[in-house]
Amino acid sequence: AYGNSIILDSLLYASTFVPGVKASGFVDERLNSWLRDGNSSAFNISHGISRRPVGFGEVPDIYPFVYLSQAEYHRQHDPSGFPNATALRVGRVGAHDIVEWPKLWSDGLITRDDEHASSASCWGGGPVQQHGGRKAACVWADDATMALTPVSRAVATMPSASSPARGWRAWLGKQHSLYAQHLQDEDGLFFHGQDASVHQRSCCKWSRANGWMMTAHVEVLSALENASSAETFAAALAVFRRHSAAIAKVQSADGRFYNLLNDSSTWLETSGTAMFAHSIAVGVLHGWLDRCGVLRAVPIFAGRYPSA
């Protein structure tokens with residue numbers, strides 16, 4: 001579900017910044033079809049009907065940040081011809097459900113156990129009854145994007161000094177810090193996941209998982225900059241800079257990254273590479289990263305891979 005939403009969000013982004021791309025009509029029809037579908041969570045939210053909480057992209061018609069992106073796109077390009085209030089409501093309610101997510105580890109980090117409800121391990125470790133009834137508490141790097149992006153985008157639509165905005169920024173700072181504590185290794189790279197119940201990390205530093213974390217960094221920093229405490233912003237920025245420096249050390253000679261970042265025997269892939277290029281470009285444009293000292297990722301797709 002979140003992949004579908006990221007594609008739609010990317011189409012709106014391209015419609016804004018890439019000459020000749022006009023995909024907003026397609027995105028509008030896709031999102032608005034869910035608003036018209038009486039069986040959808042988007043319909044229920046827009047009509048004030050009771051619904052189950054939304055979280056982590058598991059409901060494909062309501063992944064909330066796309067509605068916030070839709071509202072922002074039309075605010076900039078066609079403010080009189082689109083009902084921004086509906087998209088804002090759907091996006092904000094979805095973000096609220098994430099902030100109120102009930103599955104928390106003891107330190108307050110949001111976790112999942114849905115995928116392996118009958119398993120005692122986040123990566124399959126046998127049924128619960130064979131492990132003394134213990135159930136896994138799964139922390140995934142993917143969730144940093146799925147959880148922190150909607151809330152970051154929602155904060156940007158609120159009055160900066162409002163109580164909800166202040167509370168959600170504090171939540172973002174805490175969750176971002178906890179993700180780093182649970183998943184970031186001494187070398188600065190992130191593991192894909194952790195079973196918090198036994199403090200066991202997954203085997204690998206997957207490129208795409210690190211890409212999810214990099215995109216989450218820039219979303220959170222955008223929400224925190226100039227509006228949160230200096231200490232909260234500085235802590236998030238330090239994590240981003242340390243991660244970026246670690247990414248720079250494992251870039252291949254041709255500019256792409258290996259599927260497992262620290263294992264050059266794995267294949268070179270483009271998904272993580274694209275997320276690194278985007279996040280680092282945003283970091284440089286905002287002045288969060290040194291233009292000369294990070295890596296070659298920014299010009300990758302415009303240069304060596306012009307058709308990517």
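As a basis for the values below, the full set of heavy atoms in this structure was taken, side chains included, without hydrogen atoms, waters or symmetry mates. These numbers were taken from a predicted model, which means no experiment stands behind them. Quick note: residue numbers are just sequence positions, from 1.
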>> With side chain to side chain donor-acceptor pair (under 3.5 Å) as the criterion, how do S229 and T232 come out once you've worked through the C-alpha distance, each side chain's angles and the decisive distance to 0.1 Å?
In response: CA-CA 5 Å; S229 72; T232 299; 2.7 Å; yes
> For F257 and T273, what are the C-alpha separation, side-chain angles and deciding distance, and is it a side-chain contact (heavy atoms from CB on, under 4.5 Å)?
Replying inline: CA-CA 6 Å; F257 293 82; T273 301; 3.5 Å; yes
>> Is there a side chain to side chain donor-acceptor pair (under 3.5 Å) between R89 and S46? Walk through the geometry before answering.
In response: CA-CA 7 Å; R89 173 170 171 74; S46 62; over 6 Å; no
>> Does D143 form a side-chain contact (heavy atoms from CB on, under 4.5 Å) with I110? I'd like the steps, not just the answer.
In response: CA-CA 9 Å; D143 291 346; I110 47 182; 5.7 Å; no
> What's the verdict on salt bridge (charged side-chain N to carboxylate O under 4.0 Å, His left out) for E29 and R36, showing C-alpha distance, side-chain angles and the deciding distance?
Replying inline: CA-CA 10 Å; E29 177 52 36; R36 297 189 298 265; 2.7 Å; yes
>> For L189 and Q184: C-alpha separation, side-chain torsions, deciding distance, then whether side-chain contact (heavy atoms from CB on, under 4.5 Å) applies.
In response: CA-CA 6 Å; L189 298 175; Q184 193 168 26; over 6 Å; no
> Where do V218 and F240 land on the side-chain contact (heavy atoms from CB on, under 4.5 Å) test, with the steps shown first?
Replying inline: CA-CA 8 Å; V218 297; F240 178 43; 3.7 Å; yes
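Under the 4.5 Å side-chain contact rule for hydrophobic residues, M213 and F191 do not share a cluster. Under a hydrophobic-cluster definition in which Ile, Leu, Val, Met, Phe, Trp and Tyr are linked whenever side-chain heavy atoms come within less than 4.5 Å, directly or via other members, V18 and V27 are assigned to different clusters. V99 and L88 fall into different hydrophobic clusters, where Ile, Leu, Val, Met, Phe, Trp and Tyr residues are linked whenever their side-chain heavy atoms come under 4.5 Å apart, directly or through other members. Residues L285 and F233 do not share a hydrophobic cluster, defined by chaining ILVMFWY side chains whose heavy atoms lie under 4.5 Å apart. Grouping the Ile, Leu, Val, Met, Phe, Trp and Tyr side chains by contacts below 4.5 angstrom, directly or via other members, places L68 apart from I7.
For the pair A95 and P150, the tightest heavy-atom approach, listed with the atom from each and the gap, is CB-O, 3.8 Å. Scanning all heavy atoms of the two residues, the minimum distance from S24 to S15 falls at N-OG, 3.6 Å. The minimum heavy-atom distance between N259 and T266, with the atom names listed, is N-OG1, 3.5 Å. Of all heavy-atom pairs spanning R241 and W288, the tightest one is NE-O, 2.7 Å. Taking each heavy atom of H243 and M214 in turn, the nearest pair found is ND1-SD, 3.5 Å. The two residues S207 and F276 make their nearest non-hydrogen contact at O-CZ, 3.5 Å.
At a threshold of 4.5 Å between non-hydrogen side-chain atoms, the residues I6 and W212 count as touching. Looking at heavy atoms from C-beta onward, V139 lies out of side-chain contact with W105 at the 4.5 angstrom threshold. You'll find the side chain of N210 reaches within 4.5 Å of the side chain of F190, heavy atoms only. Put simply, the side chain of S152 reaches to within 4.5 Å of the side chain of L172, judged on heavy atoms. Using a 4.5 Å heavy-atom threshold, the side chains of D107 and H182 count as touching. Put simply, the side chain of I98 does not reach to within 4.5 Å of the side chain of M146, judged on heavy atoms. A heavy-atom distance below 4.5 Å is not found between the side chains of S69 and E72. The shortest side-chain heavy-atom distance between W140 and Y179 does not fall under the 4.5 Å cut-off.
R92 contributes no side-chain N or O that, together with a main-chain N or O of A87, makes up a donor-acceptor pair within less than 3.5 Å. Put simply, the side chain of E219 never gets that close to the backbone of V151: no donor and acceptor are under 3.5 Å apart. A donor-acceptor contact shorter than 3.5 Å links the side chain of S162 to the backbone of P159.
The salt bridge (Lys or Arg N to Asp or Glu O under 4.0 Å) test applied to E231 returns no partner, not counting sequence neighbours.
Residues T215 and S279 bring no donor and acceptor atom of their side chains to less than 3.5 Å of each other. With 3.5 Å as the limit, one finds no donor-acceptor pair spanning the side chains of R256 and T270. Checked by atom type, the side-chain pair N84/H74 shows no donor-acceptor distance below 3.5 Å. Judged by distance alone, the side chains of D142 and H192 do bring a donor and an acceptor atom under 3.5 Å apart.
For E186 and R242, the salt-bridge test fails: no basic side-chain N is under 4.0 Å from an acidic carboxylate O. We find that E269 and R208 are joined by a salt bridge, their nearest charged nitrogen and carboxylate oxygen being less than 4.0 Å apart. K205 has a carboxylate O that lies under 4.0 Å from a charged side-chain N of D187, or vice versa, which qualifies the two as a salt bridge. Using a 4.0 Å cut-off between charged nitrogen and carboxylate oxygen, R153 and D9 count as a salt-bridge pair.
Taken to the nearest 0.5 Å, the CH2 atom of W34 stands 10.5 Å off from the CG atom of D37. Here Q194 contributes atom CD and L183 contributes atom CG; the two are 6.5 Å apart, rounded to the nearest 0.5 Å. The distance from atom CG of D28 to atom CG of L11, rounded to the nearest 0.5 Å, is 11.5 Å. For the atom pair CZ (F65) and OG1 (T145), the distance works out to 8.5 Å, reported to the nearest 0.5 Å. Note that the CG atom of L109 and the CG atom of L178 stand 5.0 Å from one another [nearest 0.5 Å]. Atoms NZ and CG, from K249 and L261 in turn, are 13.5 Å apart once rounded to the nearest 0.5 Å.
Of the candidates H278, H176, H286, H176 is the only one forming a ring pair (Phe, Tyr, Trp, His ring centres under 6.0 Å) with H217.
The hydrophobic cluster containing Y13 also includes F17, under a criterion of side-chain heavy atoms closer than 4.5 Å among ILVMFWY residues, counted directly or through chains of members.
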